[in-house]
There are 2 protein chains.
Amino acid sequence: MNIGEAASASGVSAKMIRYYESIGLIRPAQRTGSNYRVYGGAEVHLLRFVKRARTLGFSVDETAALLGLWQDKGRASGEVKAIAVNHIAALEAKIADLEGMVRTLKHLAHCCGGDDRPDCPILDELAGEARATKGH
Amino acid sequence: MNIGEAASASGVSAKMIRYYESIGLIRPAQRTGSNYRVYGGAEVHLLRFVKRARTLGFSVDETAALLGLWQDKGRASGEVKAIAVNHIAALEAKIADLEGMVRTLKHLAHCCGGDDRPDCPILDELAGEARATKGH
DNA sequence: ATAGACCTTCCCATGGTGGTAAGGTCAACG
DNA sequence: CGTTGACCTTACCACCATGGGAAGGTCTAT
């Protein structure tokens with residue numbers, strides 16, 4: 001299997017497969033005589049693992065840790081769970097952050113006429129000139 | 001006012017002030033004879049505007065647009081509102097994305113003993129070997 | 001034999017931010 | 001007046017993950 005086929009079979013672009021190899025996330029692929037990378041079912045399986053972890057928002061470093069644990073048959077599931085739980089916390093912090101932004105923006109947009117007049121509470125707030133918002 | 005003072009007065013690091021100047025987000029500051037950048041109240045005000053916009057998650061490009069509208073006394077508030085509403089949608093999409101990840105991870109973590117045994121549904125799922133999750 | 005679809009490596013760009021190094025300037029203190 | 005230390009200047013490098021493209025080699029089908 002060439003890198004292109006491995007890419008479409010795994011969902012990881014050829015570009016990224018080479019990148020993951022270059023940073024040591026995955027082992028260098030075998031090569032043909034003409035220097036083409038060769039992949040088999042096991043490699044694609046591994047690439048899919050990587051793909052899923054990345055899709056779940058794990059960083060490449062976290063993915064490397066998960067990969068190591070995956071391949072370590074004697075690992076404790078607690079280690080994996082710890083990574084996952086940490087990651088959940090990080091994601092939730094980010095969500096809370098974004099929600100704060102949305103809340104503020106929605107408030108501002110709600111107070112903004114959005115018409116042709118230049119009167120704009122959104123800009124006023126950004127400029128730090130908060131004005132009475134008509135009691136809302 | 002030197003750049004350091006402007007930085008602490010505005011909450012934008014000196015580094016970022018120079019960067020914003022270099023990409024044209026803000027106008028080049030005046031200079032003293034010895035080539036130091038000089039800032040006044042108006043510049044700090046503007047930097048604070050930028051800071052707030054960035055804190056609300058607007059990209060530098062969006063911030064530039066908002067800045068332009070802010071300084072255009074005859075602008076229509078509808079233009080600003082459009083940027084804000086767009087941005088709200090983008091943020092909400094990102095939140096939904098992250099929430100999907102959290103949901104999946106929580107489910108997996110819930111099904112994972114997190115003990116010393118190597119049995120780990122999290123890794124199984126990442127590997128694509130979904131197994132019965134005890135009916136949960 | 002030739003075309004076209006693939007592969008290889010190498011470099012560049014993104015977006016914001018931080019670091020750091022080498023050098024200039026300024027204020028205060030002795 | 002000289003030194004010290006805190007500031008400023010520019011110019012790079014790094015991050016993280018990904019995409020783009022160029023220049024050149026290889027394989028397959030016609």
Side-chain angles (χ1 to χ4, degrees), chain A residues 1-26 28-40 43-44 47-67 86-87 90-91 93-94 97-98 101, chain B residues 1-26 28-40 43-44 47-67 87 90-91 94 97-98 101:
Chain A
M1 213 185 326
N2 276 342
I3 196 172
E5 298 167 278
S8 48
S10 67
V12 181
S13 74
K15 205 86 186 177
M16 290 313 297
I17 295 176
R18 294 194 195 98
Y19 171 69
Y20 289 152
E21 186 185 299
S22 83
I23 62 171
L25 177 62
I26 61 181
Q30 282 188 310
R31 303 290 187 122
T32 68
S34 54
N35 206 28
Y36 280 25
R37 286 175 182 82
V38 184
Y39 299 89
E43 283 79 18
V44 169
L47 283 169
R48 267 207 286 255
F49 182 103
V50 169
K51 175 70 177 178
R52 295 193 196 204
R54 301 282 302 117
T55 300
L56 283 172
F58 288 100
S59 72
V60 170
D61 275 3
E62 287 167 325
T63 302
L66 290 172
L67 260 185
N86 254 350
H87 188 51
L91 290 177
K94 187 164 245 174
D97 229 47
L98 293 176
M101 295 179 198
Chain B
M1 211 186 324
N2 276 342
I3 198 172
E5 298 167 277
S8 48
S10 66
V12 181
S13 74
K15 203 85 189 182
M16 290 314 295
I17 295 177
R18 295 194 194 99
Y19 172 70
Y20 289 152
E21 186 184 300
S22 82
I23 62 172
L25 177 61
I26 61 180
Q30 283 188 308
R31 304 289 187 122
T32 67
S34 52
N35 207 28
Y36 281 24
R37 286 174 182 83
V38 184
Y39 299 88
E43 283 77 20
V44 169
L47 284 169
R48 266 204 287 253
F49 181 103
V50 171
K51 175 69 179 179
R52 292 193 200 204
R54 300 284 300 117
T55 300
L56 283 172
F58 288 100
S59 72
V60 169
D61 275 2
E62 288 167 325
T63 303
L66 291 172
L67 260 185
H87 188 50
L91 291 177
K94 187 165 246 174
D97 228 49
L98 294 175
M101 296 179 198

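Here the structure is a predicted model, which is why all the values come from computation and not from measurement. We name chains A, B, ... by the order of the sequence lines, and we start the count at 1 in each one.
A donor-acceptor pair under 3.5 Å is formed between the side chain of A:R48 and the backbone N or O of A:A9. Side-chain N or O atoms of A:H87 include one that pairs as donor or acceptor with a backbone N or O of A:L56 at under 3.5 Å.
Between B:S34 and D:dT9 there is no side-chain N or O to OP1 or OP2 distance below 4.0 Å. The side chain of A:R18 places no N or O atom within less than 4.0 Å of a non-bridging phosphate oxygen (OP1 or OP2) of D:dG20. Close to D:dC7, at under 4.0 Å from its OP1 or OP2, lies no side-chain N or O of B:R37.
In this structure, B:L25 atom CG and C:dT17 atom P are separated by 11 Å, rounded to whole Å. We find that CD of B:E21 is positioned 18 Å from P of C:dG16, with the value rounded to whole Å. Between A:I3 atom CD1 and C:dC7 atom P the separation is 7 Å, expressed in whole Å. A straight line from CD of B:E5 to C1' of C:dA27 spans 13 Å, rounded to a whole angstrom. A straight line from CD of A:Q30 to P of C:dC7 spans 17 Å, rounded to a whole angstrom. A straight line from OH of A:Y36 to P of C:dA5 spans 14 Å, rounded to a whole angstrom. Rounded to a whole Å, the CZ atom of B:R31 is 14 Å from the P atom of C:dC26. Rounding to whole angstrom units, CE of residue B:M1 and C1' of D:dC8 are separated by 16 Å.
In A:E5, the CD atom is crowded: over 12 heavy atoms of neighbouring residues, nucleotides or ligands sit closer than 6.0 Å.
Donor-acceptor pairing under 3.5 Å, judged by distance alone, is present between the side chain of A:K15 and the base of D:dG21.
Put simply, CZ on A:F49 and CG on A:L66 are 5.5 Å apart, with the number rounded to the nearest 0.5 Å. Taken to the nearest 0.5 Å, the OG atom of A:S10 stands 11.0 Å off from the CZ atom of A:R52.
With a 4.5 Å cut-off on side-chain heavy atoms, B:L25 and B:Y19 do not count as touching. Proximity of B:Y39 to B:I17: side-chain heavy atoms (C-beta onward) are separated by under 4.5 Å at one or more points.
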For nucleotides 15-17 of chain D, print each protein N/O atom paired with a nucleotide N/O atom at under 3.5 Å, atom names and distance only.
{"from": "D:dA17", "atom 1": "OP1", "to": "A:V60", "atom 2": "N", "distance (Å)": "3.0"}
{"from": "D:dA17", "atom 1": "O3'", "to": "A:R54", "atom 2": "NH2", "distance (Å)": "2.9"}

